[in-house]
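Given the structure is predicted, the values throughout are model-derived calculations rather than measurements. Lettering follows sequence order; numbering is per chain, from 1.
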Amino acid sequence: MKTLSCKGFSSKDQLVLKSLIDLIIARTSDTWTYSDGDDSDVVIIDTDNLDDHDAVFRHLESRHTVAIEYTSDTTASSRLRLQKPLRAANLISVFNSVEARIANAEADESHTHDTLQPLASQEPTPEILTALDEGQAKYLSISAGDTTCFIDLPGNRYTCRGDLTLPAVLGASDRTVSTTPQVENLATTGEWRPYPALRWLLGTSLSNGELLRGINPNGQFKLHHWPPAEVPRAAPYTLSLCALLSREAGASIEEAGAQSGVARADIIGFINGAYLARAITTPAATKPTGAPVATEADTSAPSKPRGLFGKIRDRLMRKAR
Amino acid sequence: MSEIKLIITGPPGAGKTTAIAAISETAPVKTDTHTTDDLAAVKEQTTVAMDFGELTLDDGQKVFLYGTPGQRRFEFMWKILVEGGLGLIILVDCSRPDPLADLHMYLDNFADFIRQTSVVVGLTRTDHPDAPAVAEFYSSIESSGRVLPILEVDIREREDVALLINALVSTLEFSR
């Protein structure tokens with residue numbers, strides 16, 4: 001059994017948290033109960049409401065208590081995070097990650113800090129993708145509804161537990177994303193399935209409009225090969241981006257947006273996917289390390305290009321007469 | 001209205017006739033005849049002049065799809081069929097002995113047309129045990145300096161034929 005408490009929560013959020021714990025108890029590996037005491041296994045801290053939250057984190061970490069930040073902030077963080085507002089799926093994902101963390105700490109305390117930092121985090125996900133790509137994290141866990149998919153990025157393979165397919169989980173609005181070092185979590189899933197389009201789809205689905213760490217947003221991007229057919233099948237707009245970025249001189253994000261009419265966030269997701277798939281040359285990074293590069297917030301798509309090519313595309317979208 | 005013409009080529013048996021039948025909104029016109037040469041061992045009929053299909057756009061304009069004969073002895077037809085064409089789709093049958101050589105043969109023969117227009121490569125029968133990986137196709141054309149779209153497709157599926165045409169349209173619109 002694991003105990004949980006909170007700090008800095010409004011009475012309303014505290015009530016929601018307690019209710020959600022009762023609701024989701026059947027969907028976590030361990031049994032979770034809310035505790036008003038100071039010695040709980042896990043403390044969730046509302047960092048928006050608590051001024052000196054850094055001191056609270058330091059204090060909890062010195063006691064080897066798992067601390068989770070609860071915030072509306074969407075910038076990258078190395079801490080375990082629950083994004084506001086509280087959602088059952090997010091809570092389940094974090095609880096499962098914490099269980100893995102505690103189990104691992106008990107198994108090998110001396111390695112806990114190195115192997116599990118950062119163990120899990122809620123969105124934004126570009127940081128998670130970077131961690132996976134750089135080998136700092138082992139597996140990616142994506143949950144939506146009653147389905148959890150585990151992704152082995154170096155192996156270009158995945159496995160799912162539940163009724164939804166991986167593309168459905170990736171496209172779900174209530175999905176949660178975290179990393180996990182535990183192979184044991186895979187025991188109840190089916191066999192690993194190879195998926196050549198995996199890296200592309202992770203980029204297009206999980207980027208949230210932010211380039212991966214180390215990619216300079218300013219400059220020309222040049223594609224070396226097109227993605228597997230699954231990618232344009234799922235997202236036809238990627239064909240325009242493929243064509244633009246295949247030019248001899250490549251294209252900048254701005255050029256790609258202006259000429260294709262594809263939303264900036266989608267262009268960034270595509271570039272991240274191509275980067276993960278080692279299919280693109282990116283401008284040299286101005287800052288080799290640090291947080292994922294935030295880009296302009298404007299994600300609206302310019303008007304759709306028309307003319308002959310647009311008419312042919314429209315015709316192809318329709319079924320045979 | 002001007003004629004909009006897309007050309008589909010590739011070795012015998014790659015699926016050119018099947019592709020046109022899958023996407024054409026009218027019954028495709030075929031010029032198939034019984035195979036009489038070495039190809040007879042793997043294919044009963046083969047195209048000797050062309051296959052033809054069409055799509056109608058919303059404004060009534062027609063897109064004509066022409067499939068070339070695959071056998072090299074009908075090479076003279078290739079030049080005739082590409083006349084005034086908008087772009088080229090090359091289908092490569094990955095179950096044949098040397099699909100990479102097949103691709104290069106068609107790229108070389110249609111080089112002038114490709115230079116003026118655009119090209120997309122569709123790989124068929126990629127589940128064959130000896131099929132080269134997609135990466136091998138990209139490596140083999142790397143020296144040309146061009147990044148061609150190379151997509152694995154099931155040419156019997158309308159959506160996959162549409163995907164190839166869509167990719168061709170995208171390269172025509174944005175890559176040139």
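- Tyr106(B) and Trp78(B) have their aromatic ring centers within a separation under 6.0 angstrom.
- Most heavy-atom pairs under 4.5 Å with chain A: of the set Val63(B), Leu55(B), Val153(B), Val161(B), this distinction falls to Leu55(B).
- Contact of His225(A) with chain B is made through backbone and side chain together, with heavy-atom distances under 4.5 Å.
- Remark: of the listed residues Phe270(A), Tyr275(A), Tyr195(A), Phe270(A) is the sole one forming a ring pair (Phe, Tyr, Trp, His ring centres under 6.0 Å) with Trp200(A).
- Ring centroids of Trp192(A) and Phe150(A) are separated by 6.0 Å or more, keeping the two rings apart.
- Counting only heavy atoms from C-beta outward, the side chains of Ile155(B) and Leu91(B) approach each other to under 4.5 Å.
- Between Glu254(A) and Arg264(A) there is a salt bridge, with a side-chain nitrogen of the basic residue lying less than 4.0 Å from a carboxylate oxygen of the acidic one.
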Test log, rule salt bridge (charged side-chain N to carboxylate O under 4.0 Å, His left out), inputs Asp58(B) and Lys311(A)
CA-CA 7 Å; Asp58(B) 288 343; Lys311(A) 285 189 285 185; over 6 Å; no
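- Neither the backbone nor the side chain of Leu164(B) comes within contact range of chain A, judged by heavy atoms closer than 4.5 Å.
- When heavy atoms are compared at a cutoff of 4.5 Å, Leu245(A) does not approach chain B at all.
- If you measure heavy-atom distances from Val169(B) to chain A, the contacts under 4.5 Å come from both the backbone and the side chain.
- Using a 4.5 Å cut-off between heavy atoms, Pro227(A) contacts chain B through its backbone alone, with no side-chain atom that close.
- Both the backbone and the side chain of Leu172(B) come within less than 4.5 Å of a heavy atom of chain A.
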